[in-house]
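Reading through the structure tokens given below for one structure.
Counting starts at 1 for both ligands and their atoms, following the listed order. If you're wondering where the values come from, they're calculated on a predicted model, not measured in any experiment.
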Amino acid sequence: MSGKSLSGIIKDIKNFIALEKESGLDEVMLTSILKSKSETKGESGPILLDKKERLKALEEQALGCKECDLSESRRNVVFGQGNPHASLLFIGEAPGMEEDIQGKPFVGRAGTLLTKIIEAIGLKREDVYIANCLKCRPAQNRNPLPSEIIACRSFFMKQIEIIEPKVICCLGKFAAQTLLMTDESITRLRGKFYNFEDTKVMPTFHPAYLLRNPQDKRLVWEDMKKVRDHLKQSPA
Ligand code: URA
């Protein structure tokens, strides 16, 4: 018997049907929702699509996305990477050149610094999930356009819905402003927890900014200690 509550199961079914509808399907085969639990936990009995599968289905939609002009210049869609069950989700701005080439988020210089930030709070990169506001690279790493953020918003909103992290750490102003729907500066936003539905949001400086302004690393360290302490306190 699955440990999930009935309301959790209903929520999963609603999410699944919503995803199917978005991909153009209006008939849902129940057998495709049911899978053998032995694949994931070694127990028997039917279960719903798990988080990994739901993220995969969403990624497949993103791979075909043509909602903005970035789809014409991208080499790869950089959907996101990490643990689908992560308690901590990082949201950056947009893929850079290296990310566009590899199809993975934060693999350039800023990514090396992000890995150090994650390790500084006692976690590994594989423990967390890393995504961006935009899934495709803006040319010459220019700032995302509002129209691009709007076009891509539903992807990271669904990533949040599927992963259900305890804390979302917004890296830089674009992630923080988009998620919190504010035009407040990152300098004013950072360092405090905000609520996004049931999840705490901690905005902090973007690692690329820290590469240019290393004196502000100590502020990010203060923010990350708050994230670490919150994760320690919250029930598993
Ligand atoms: N900067 C970002 O915001 N995201 C990446 O994936 C890489 C650099």
message: Can you confirm whether the side chains of Arg190 and Thr204 place a donor and an acceptor under 3.5 Å from each other?
response: no

field: Nearest neighbour in protein (non-hydrogen) for atom 4 (N) of ligand 1
entry: Asn132 OD1, 2.8 Å

- prompt: What are the two closest heavy atoms between Val77 and Ala62, and how far apart are they?
  reply: CG2-O, 3.6 Å

- request: For Lys166 and Gln233, test the side chains for any donor-to-acceptor distance below 3.5 angstrom and give the result as yes or no.
  value: no

- line: Logged contact type for Glu93 with ligand 1, heavy-atom cut-off 4.0 Å, is both

- prompt: Can we say Glu53 and Lys56 salt-bridge, meaning some charged N sits less than 4.0 Å from an Asp/Glu carboxylate O?
  reply: no

- prompt: If you measure every N/O of Ala110 against every N/O of ligand 1, is any gap under 3.5 Å?
  reply: no

query: Which protein heavy atom lies closest to atom 2 (C) of ligand 1, and at what distance to 0.1 Å?
result: Ala94 O, 3.1 Å

query: So, are Lys51 and Glu164 salt-bridged, with charged N and O less than 4.0 Å apart?
result: yes

message: Less than 6.0 angstrom separating the ring centers of Phe90 and His206, yes or no?
response: no

task: Give yes if a backbone or side-chain nitrogen or oxygen of Pro95 is under 3.5 Å from a nitrogen or oxygen of ligand 1, and no if not.
output: no

field: Per-atom contacts, ligand 1 versus Gly92 - under 4.0 Å to a heavy atom
entry: 3 (O)

field: Residue-ligand contact His206/ligand 1, heavy atom below 4.0 Å
entry: yes

